[in-house]
Every structure is written in structure tokens, then in C-alpha cells.
Number of protein chains: 2
Amino acid sequence: MEKDTIDEKQAVSDAEEMRILEENNIALTKAMRIIGGKWKLLLLNSIRRDCPARFGELRKKMQDITHATLTAQLKELESDGIIERKAYPEVPPRVEYKLTPLGITLVPVIEALCAWGEGYPDK
Amino acid sequence: MEKDTIDEKQAVSDAEEMRILEENNIALTKAMRIIGGKWKLLLLNSIRRDCPARFGELRKKMQDITHATLTAQLKELESDGIIERKAYPEVPPRVEYKLTPLGITLVPVIEALCAWGEGYPDK
DNA sequence: CAGAATCCCCGATGATACTG
DNA sequence: CAGTATCATCGGGGATTCTG
């Protein structure tokens with residue numbers, strides 16, 4: 001391995017730093033796109049605690065969420081592979097949601113956010 | 001300790017579940033309010049890697065961010081107690097940002113999100 | 001070089017009504 | 001009970017300009 005001038009070594013190091021930073025940015029952006037919705041984290045938290053969760057249950061727990069919005073957010077989480085939707089062909093209709101294996105990998109992240117939020121001073 | 005009917009015990013247990021859920025929701029909402037901005041996580045990630053970070057450096061690393069938006073986001077992070085701003089009365093002006101102790105408690109959360117995002121399938 | 005003030009746009013949510 | 005469709009709304013953040 002050739003030894004170059006300090007400036008050149010520094011340049012290489014900087015480039016490496018930038019590459020890592022860039023990868024982090026991509027990862028963080030992906031994560032935010034998925035869990036960044038106004039209700040996503042709350043929904044995931046509910047579903048993980050009460051799994052499987054029914055549509056009506058989630059509606060009650062989220063209090064302020066609209067029927068249409070709830071459907072939309074769940075649909076997004078589903079198409080992102082985080083939750084799984086199962087409809088029972090009964091009458092009245094019943095639909096249950098639960099975390100997929102991929103969704104389960106999110107649980108530690110949710111817990112971390114939760115714990116941090118609890119520790120954050122209210123003021 | 002008195003033993004009640006199963007139904008009543010179940011009711012108590014449900015109420016407790018709801019309380020925990022509610023607290024989680026508050027915590028998650030707080031967390032999202034603070035780190036939920038479009039650039040917040042990216043900025044924090046940059047600052048933690050290169051601390052203190054200069055305004056101009058951050059601008060370069062964030063590529064697409066606008067001058068005004070960068071100022072705004074940094075200001076919010078500052079008023080939320082996550083970062084600290086230090087201006088040097090020189091010419092040309094120089095401003096440095098670094099994590100506060102409270103901001104440092106966010107690092108594990110950022111790392112968790114980052115790691116999760118890296119593992120998320122691209123498709 | 002960094003910040004403040006303005007204006008403006010677009011997309012995420014909310015409201016409402018109808019369907020199976 | 002749950003989903004879909006449509007329209008209305010609101011606010012975060014982008015563009016621009018001016019200042020020290």
C-alpha cells in the first residue's frame with residue numbers, strides 16, 4: 001500500500017465519510033417515507049400491542065382519525081409490506097390487521113422512539 | 001386484595017392497556033413532532049458525524065435543501081433543545097451547530113432508524 | 001456567509017356521501 | 001362494519017429578495 005501525501009489521504013478519508021453519510025441519508029429517507037405518515041407509528045404501536053387488530057378497534061383507539069384516512073394509512077402500510085390485511089367474508093364484514101415479519105423488525109425502532117419521547121421534557 | 005369476577009378483572013386489564021397505549025401515543029407524537037421534519041434526521045445525522053458542523057458544510061451535504069429551509073429547520077431543532085447554535089462575530093460570518101446533551105440522547109434512535117432503513121428491501 | 005421576511009404551491013389529511 | 005370516491009383544506013417547505 002503506497003503512502004501518499006497527507007492531503008491526499010485526507011481527501012480519501014473525506015470521500016469515505018461522504019459515502020457513509022450518503023448511505024445513511026438514503027436509509028433514513030426510506031425509513032421516514034414508510035413511518036412518516038401522521039398516524040403510521042400510532043397504528044403500528046396499536047397493532048403490535050393488540051395483534052391482530054380489527055379496523056373498528058383501531059378506529060376507537062385513534063380517536064380523532066377519520067374513517068377514510070384510517071383506510072388510506074393502513075393501505076400504505078400494507079403495500080409497504082409492514083402489515084398484513086385479512087378480510088373475512090362474513091356479514092357484517094370483519095377485517096384484521098397484523099404485522100408482517102418485516103413489520104416486526106420495526107418494533108425495536110418503535111420502542112426506541114417511544115422511550116425517547118417519554119424521556120423528552122414536556123415544558 | 002379482593003378477588004372480583006373475571007369480567008371486572010378483564011375490564012381493569014383493558015383500562016390499563018389503554019392507559020399504556022395512550023402514553024405511548026403521546027410519546028410517539030412528541031418524538032415525531034421533533035424529528036418529523038423533512039430534513040431533521042438528515043441534519044442530525046450530519047451534525048453527529050461532523051461535530052460541530054458549519055452552516056455551509058450542511059448546505060453542501062444536503063444538496064437539495066434551500067438556504068431558507070435549512071435555516072428554518074436548524075432553528076426548530078435549536079428551539080426544541082436538540083442542537084446548539086454558536087455564531088462567531090467574524091467577517092465573513094461563521095456559525096457552528098452541535099448536538100446538545102439532549103440531542104445526544106437521540107443518537108441511538110437515529111442509529112436504529114438508519115439500520116432499519118438499510119435493511120429494508122429496495123424493490 | 002448566514003439569516004429574516006414574503007409569497008406561494010402541492011400533497012397529505014379531513015369531511016362527506018355512497019356501496020357491498 | 002369496512003371500503004371507495006370526491007372535494008375541501010391546511011400547513012410545511014420551496015423560491016425569491018433584502019440585510020448585516
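Chain naming here is simple, since letters A, B, ... match the order of the sequence lines and numbering starts at 1 in each.
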A:Arg54 CZ - D:dA2 C1' separation (whole Å): 10 Å
Examine A:Tyr97 and A:Leu102 and state if one hydrophobic cluster contains both, with Ile, Leu, Val, Met, Phe, Trp and Tyr joined whenever side-chain heavy atoms are less than 4.5 Å apart. yes
5'-most contact on DNA chain C: B:Arg94 or A:His67, nearest heavy atom basis? B:Arg94
On a heavy-atom basis, which atom in [X] and which in [Y] lie closest, and how many Å separate them?
{"X": "A:Ser46", "Y": "A:Lys61", "result": "OG-CD, 3.9 Å"}
{"X": "A:Gly81", "Y": "A:Thr100", "result": "O-OG1, 2.6 Å"}
{"X": "A:Met62", "Y": "A:Trp39", "result": "O-CZ3, 3.8 Å"}

CG of B:Leu42 to CD1 of B:Ile47: how many Å apart, nearest 0.5 Å? 11.0 Å
Point-to-point distance, once rounded to the nearest 0.5 Å, from CG of B:Asp14 to CG of B:Leu21: 11.5 Å
Using side chain to side chain donor-acceptor pair (under 3.5 Å) as the criterion, list what pairs up with B:Arg54, not counting sequence neighbours. none
Applying side chain to side chain donor-acceptor pair (under 3.5 Å), name anything that partners B:Glu16, two or more places apart in sequence or on another chain. B:Arg19
Select base, sugar-phosphate, or nothing to describe what A:Tyr88 touches, counting heavy atoms under 4.0 Å on all strands. nothing
Both A:Thr71 and A:Pro92 contact DNA chain D. Which one's nearest nucleotide lies toward the 5' end? A:Pro92
Charged N to carboxylate O under 4.0 angstrom, B:Glu96 versus B:Lys98? no
The ring pair (Phe, Tyr, Trp, His ring centres under 6.0 Å) partners of B:Trp116 (sequence neighbours excluded) come to B:Tyr120
Nucleic acid footprint by protein, nucleotides 8-14 of chain D - heavy-atom cut-off 4.0 Å, B for base, S for sugar-phosphate alone: -----SB
What range of DNA chain C does chain A touch, first nucleotide to last, counting atoms under 4.0 Å from its heavy atoms? C:dT13 to C:dG20
Based on the rotation axes of five pairs at each end, what angle does the helix from C:dC1-D:dG20 to C:dG20-D:dC1 bend through, to 10°? 40°
